[in-house]
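Below you'll find the structure, written out as structure tokens, and then a few comments.
Proteins come first, then strands; the chains are lettered A, B, ... in the order of their sequence lines, and each starts at number 1. Worth saying up front: this structure is predicted, and the values here are computed from it rather than measured.
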Protein chains: 2
Amino acid sequence: MRELLRTKGYKMTPQRELIFRAFLEAGEHVSVEDLYQRVREIDSSIGYSTVWRSLKLICTVGLAKEVNLGDGVTRYERITLQPHGHLYCLQCKTLTEFEMANIVSLLEPIARTYRFQVEGLKCEIHGLCEECRKRNQNTDSTGLTH
Amino acid sequence: MRELLRTKGYKMTPQRELIFRAFLEAGEHVSVEDLYQRVREIDSSIGYSTVWRSLKLICTVGLAKEVNLGDGVTRYERITLQPHGHLYCLQCKTLTEFEMANIVSLLEPIARTYRFQVEGLKCEIHGLCEECRKRNQNTDSTGLTH
DNA sequence: GGCCAAATGAAATCGAATTTCACTTTCAAT
DNA sequence: ATTGAAAGTGAAATTCGATTTCATTTGGCC
Ligand SMILES: [Mn+2]
Ligand SMILES: [Mn+2]
Ligand SMILES: [Zn+2]
Ligand SMILES: [Zn+2]
């Protein structure tokens with residue numbers, strides 16, 4: 001880790017040490033606020049900006065990437081070997097991943113057709129998860145809250 | 001149009017008349033700001049909030065939907081019969097659409113597997129369009145600007 | 001015409017993201 | 001070990017699109 005940073009010209013600091021570890025230990029898809037809370041349980045002197053900057057840095061060195069679901073909060077997740085898509089529950093905000101190798105093999109030819117240099121592929125299914133649907137049956141019948 | 005609004009309990013107003021028309025005449029993927037500029041060329045007394053609310057309303061009555069690409073600006077586009085994905089150029093922000101019926105037929109079984117109630121499917125290819133790549137060859141060799 | 005809920009526009013507010021800035025720390029070269 | 005330039009830090013300020021507030025106006029129905 002220290003090496004990875006040094007080779008790219010960044011310095012290691014106690015804050016980064018802690019934040020990086022916390023990020024790797026955290027579950028998938030953490031927001032800055034999520035990680036900030038986790039981190040400050042261990043060292044409450046660490047600032048929000050440092051957490052934010054560290055997450056950006058983790059992306060820069062290629063260990064993570066941003067996940068934007070359009071709900072106003074940027075999440076971060078480790079880069080995975082296999083590309084995956086997301087099932088995103090609009091009600092409980094839960095994310096579930098699914099394998100998308102087969103979809104990637106459909107997307108790549110499309111990019112080629114348009115002579116597009118691919119930097120990232122995104123596939124999402126937005127809707128209601130099973131738990132939320134069940135929960136909704138016992139209350140309102142509309143589904144989403146507005 | 002007037003009918004569509006009335007049946008859903010909304011009133012028609014000169015502002016809506018103008019904004020709706022401008023939206024339908026505008027190209028694909030307009031932001032509030034885009035449409036606001038277009039509209040105020042015709043009637044400069046129309047407020048930004050009214051344009052914003054009208055776009056939301058157009059979505060509510062089912063004629064359009066929001067498109068969020070994670071660049072901080074919400075765009076709006078007419079609902080199309082055929083589902084389509086987007087090629088999004090990170091440099092010039094241009095959007096190109098592609099047919100994704102075949103991808104939808106892969107996504108639907110996935111949703112079913114997870115007993116997920118689908119509200120929307122999203123497929124995006126982020127990267128550099130042909131024009132931007134060409135343009136970049138004549139200047140820097142890195143690609144994206146930071 | 002008159003009512004009144006809905007709509008409007010300007011301004012205020014919200015909130016996540018990002019930047020600023022004065023101060024501190026890292027680390028490579030002494 | 002010392003040290004100084006460059007990089008990092010934390011608190012606060014700023015940004016900026018999205019959204020709400022509120023006083024006033026208007027559309028649709030009697
Ligand atoms: Mn994921
Ligand atoms: Mn489109
Ligand atoms: Zn859910
Ligand atoms: Zn481009």
Worksheet item: Are side-chain heavy atoms of Leu55(B) and Tyr36(B) found at a separation under 4.5 Å?
Response: no

Discussion item. If only side-chain N and O atoms count, and only distance matters, is there a donor-acceptor pair under 3.5 Å linking Asp43(B) with Gln15(B)?
Written reply: no

Discussion item. Check for me whether the distance between the ring centres of His86(B) and His126(B) falls short of 6.0 Å.
Written reply: no

Discussion item. Show the nearest heavy-atom pair for residues Gly85(B) and Met100(B), with the distance to one decimal.
Written reply: N-SD, 3.4 Å

Worksheet item: Heavy-atom distance under 4.5 Å between the side chains of Phe116(A) and Arg133(B), does that happen here?
Response: no

Discussion item. How many whole angstroms separate atom CG of Leu5(B) from atom P of dT26(D)?
Written reply: 19 Å

Fill in: Any donor-acceptor N or O pair under 3.5 Å, side chains Gln117(A), Glu119(A)
yes

Worksheet item: Glu17(B) has an atom CD; how far is it from atom P of dG28(D), in whole Å?
Response: 10 Å

Worksheet item: Is there side-chain contact between Phe98(B) and Leu107(A), with at least one heavy-atom pair below 4.5 Å?
Response: yes

Worksheet item: Does a donor on one side chain sit under 3.5 Å from an acceptor on the other, for His84(A) and Glu28(A)?
Response: no

Worksheet item: Using a cut-off of 4.0 Å on non-hydrogen atoms, how would the nucleic acid contact of Thr74(B) be classed: base, sugar-phosphate, or nothing?
Response: sugar-phosphate

Fill in: Distance, rounded to the nearest Å, where Arg75(B) contributes CZ and dG17(D) contributes P
12 Å

Discussion item. Less than 4.5 Å apart, side chain to side chain, heavy atoms only: is that true for Ser54(A) and Phe20(A)?
Written reply: yes

Worksheet, complete the sentence: Nt span of DNA chain C in reach of chain B heavy atoms at under 4.0 Å, 5' end first, is dA5(C) to dA11(C)

Worksheet, complete the sentence: Double-helix bend of the helix from dG1(C)-dC30(D) to dT30(C)-dA1(D), axes at both ends from 5 pairs, round to 10°, gives 20°

Discussion item. Rounding to an integer number of Å, can you tell me how far Asn68(B) CG sits from dG17(D) P?
Written reply: 14 Å

Item to complete: Mind calculating the distance between CD (Glu66(B)) and C1' (dG17(D)) to the nearest angstrom?
Response: 12 Å

Item to complete: Using a 4.0 Å heavy-atom cut-off, write out nucleotides 5-14 of chain D from 5' to 3' as B (base contacted by protein), S (sugar-phosphate only) or - (no contact).
Response: -BSSBBBB--

Worksheet item: Between the side chains of Tyr88(A) and Asp71(A), does any donor sit under 3.5 Å from an acceptor?
Response: yes

Item to complete: Could you check if a side-chain atom of Glu131(B) sits within less than 4.5 angstrom of a side-chain atom of Lys134(B), using non-hydrogen atoms only?
Response: no

